[in-house]
Amino acid sequence: MKKLIALFMLSGILIFPVITKAQDAEEAAEETTEVVEAPAAPAVVDDEIMDEEKGFHQIIKEKFIEGDPTFMSPVLICLILGLAVALERIITLNLSTTNTKKLLAKVEEALEQGGIEAAKDVTKNTKGPVASIFTQGLMRYSEGIEMVEKSIIAYGSVEMGRLEKGLVWISLFISLAPMLGFMGTVIGMIGAFDAIEAAGDISPSLVAGGIKIALLTTVAGLIVAIILQLFYNYCVAKIDSLVNDMEDASITLVDILVKHKLSK
């Protein structure tokens, strides 16, 4: 019995250090885990940085304020007015587009079936400058082919003027926006030199504000001019296309009327 008790005591003495070491190892592992998990906190900082990232609208707003609203506002007004006129012209020009081949086929068919009056009804019920020119020419048919040609040429000039209406304003804003930007540049540089003169020393901090205003207003004016120039060129190209269609269709109409007159 004493030997059994002594054996248990010896076993306890041998096992206890192992258990103690195991517990120490577990505690060390837990502390290591805590130490490893602790650096996970900066993820919140990353999220905050992501939240603080500025959108395009916010950046534009800040640059507008930094460039001084006194100089940036006129440039912005040029952009708004120029875009308004350009969009109105684009919509009008697209609505003025006519399928001239289809219209000529209808006019020729109407002439064969119902004469001049039927052809007039076709052109009057069709929208666009080409149809309006056809109507004016058909109204002069009784006075001869020469009067039809003169009427088409005269009314074609009127329709061309209507198509080009408003382009002069877009051109004005294209020229005005960079000028306003350069004016802000000059005034900003004058302010920078005034600051140097008042301080009696050339310091980057003194001239930085004026130079920044100068650069921002210049960039704003150039951006507005580039945007409006794209719209202006589109409108000019569209007008040229419509004028070419009017000229080709007018020549074809005269040929159809001559053929109709000879067939009678």
**Report entry** Gap between atom CD1 of I152 and atom OG1 of T135 - 0.5 Å precision
**Finding:** 10.5 Å
Requested in this report: Could you tell me which non-hydrogen atom of S96 sits nearest to which non-hydrogen atom of P129, and how far apart they are?
Outcome: O-CD, 3.2 Å
Query - Expected output: side-chain T252 to main-chain D248 donor-acceptor under 3.5 Å - result: yes
Query raised in the report: Step by step, would you call E149 with R140 a salt bridge (Lys or Arg N to Asp or Glu O under 4.0 Å)?
Result: CA-CA 9 Å; E149 292 178 351; R140 299 288 184 178; over 6 Å; no
Query - ILVMFWY cluster, I170 and L87 together (side-chain gap under 4.5 Å) - result: yes
**Report entry** Closest non-hydrogen atom pair between I133 and S250, with its separation
**Finding:** CG2-OG, 3.8 Å
Report task. Would you please test L103 and V122 for side-chain contact (heavy atoms from CB on, under 4.5 Å) and show each step? Result -> CA-CA 8 Å; L103 178 60; V122 172; 4.2 Å; yes
Report task. Using the rule that two of Ile, Leu, Val, Met, Phe, Trp, Tyr join whenever any of their side-chain heavy atoms come within less than 4.5 Å, decide whether V130 and M139 are in one cluster. Result -> no
Requested in this report: Spell out, as yes or no, whether a donor-acceptor pair under 3.5 Å connects the side chain of T92 to the backbone of E88.
Outcome: yes
Query raised in the report: Can S132 and Q136 be counted as having a side-chain donor-acceptor contact under 3.5 angstrom?
Result: no
Report summary line: When rounded to the nearest 0.5 Å, the distance separating CD of E164 from CG of D240 is 8.5 Å
Query raised in the report: How about V219 and L222: do any of their side-chain heavy atoms sit closer than 4.5 Å?
Result: no
Report task. Might you work through the side-chain contact (heavy atoms from CB on, under 4.5 Å) test for L138 and L257, ending with a clear yes or no? Result -> CA-CA 9 Å; L138 293 172; L257 293 176; 3.6 Å; yes
Report summary line: Shortest non-hydrogen pair, T217 vs G184, comes out as OG1-C, 3.5 Å
Requested in this report: Consider only side-chain heavy atoms of I, L, V, M, F, W and Y, link residues closer than 4.5 Å, and tell whether F231 and I77 are in one cluster.
Outcome: yes
Requested in this report: Enter the distance from D245:CG to T97:OG1 here, rounded to the nearest 0.5 Å.
Outcome: 8.0 Å
Query raised in the report: Do I226 and L215 sit in the same hydrophobic cluster, where Ile, Leu, Val, Met, Phe, Trp and Tyr count as joined when their side-chain heavy atoms come under 4.5 Å apart?
Result: no
Report task. State, with a plain yes or no, whether a side-chain heavy atom of W169 is found less than 4.5 Å away from one of L81. Result -> no
Query raised in the report: How close do L104 and L253 get, heavy atom to heavy atom, and via which atoms?
Result: CD2-N, 4.2 Å
Query raised in the report: Does F182 share a hydrophobic cluster with L180, counting links as ILVMFWY side-chain heavy atoms below 4.5 Å and allowing steps through other members?
Result: no
Query raised in the report: Quick one: NZ on K150 to CD1 on I145, what's the gap to the nearest 0.5 Å?
Result: 13.0 Å
Query raised in the report: Would the number of heavy atoms belonging to other residues, nucleotides or ligands and lying under 6.0 Å from NZ of K106 be above 12?
Result: no
Report task. Would you please test L242 and L163 for side-chain contact (heavy atoms from CB on, under 4.5 Å) and show each step? Result -> CA-CA 9 Å; L242 289 172; L163 293 175; 4.0 Å; yes
Report task. Using atom types as modelled and distance alone, determine if a side-chain donor or acceptor of S151 lies under 3.5 Å from a backbone N or O of M147. Result -> no
Report task. Report the distance from atom SG of C78 to atom CD1 of I227, rounding to the nearest 0.5 Å. Result -> 12.5 Å
Report task. In sequence, state the C-alpha distance, the side-chain angles, and the governing distance for L167 and I239, and then conclude on side-chain contact (heavy atoms from CB on, under 4.5 Å). Result -> CA-CA 10 Å; L167 291 184; I239 290 171; 3.3 Å; yes
**Report entry** Taking every non-hydrogen atom, the tightest pair across R89 and K165
**Finding:** CD-O, 2.7 Å
Query raised in the report: For atom CE of M179, is the number of surrounding heavy atoms from other residues, nucleotides or ligands below 6.0 Å larger than 12?
Result: no
Requested in this report: Can you measure from CG (D255) to CD (E108) and round to the nearest 0.5 angstrom?
Outcome: 10.5 Å
**Report entry** Over all atoms of both residues, closest heavy-atom pair of Y234 and N94
**Finding:** OH-OD1, 3.6 Å
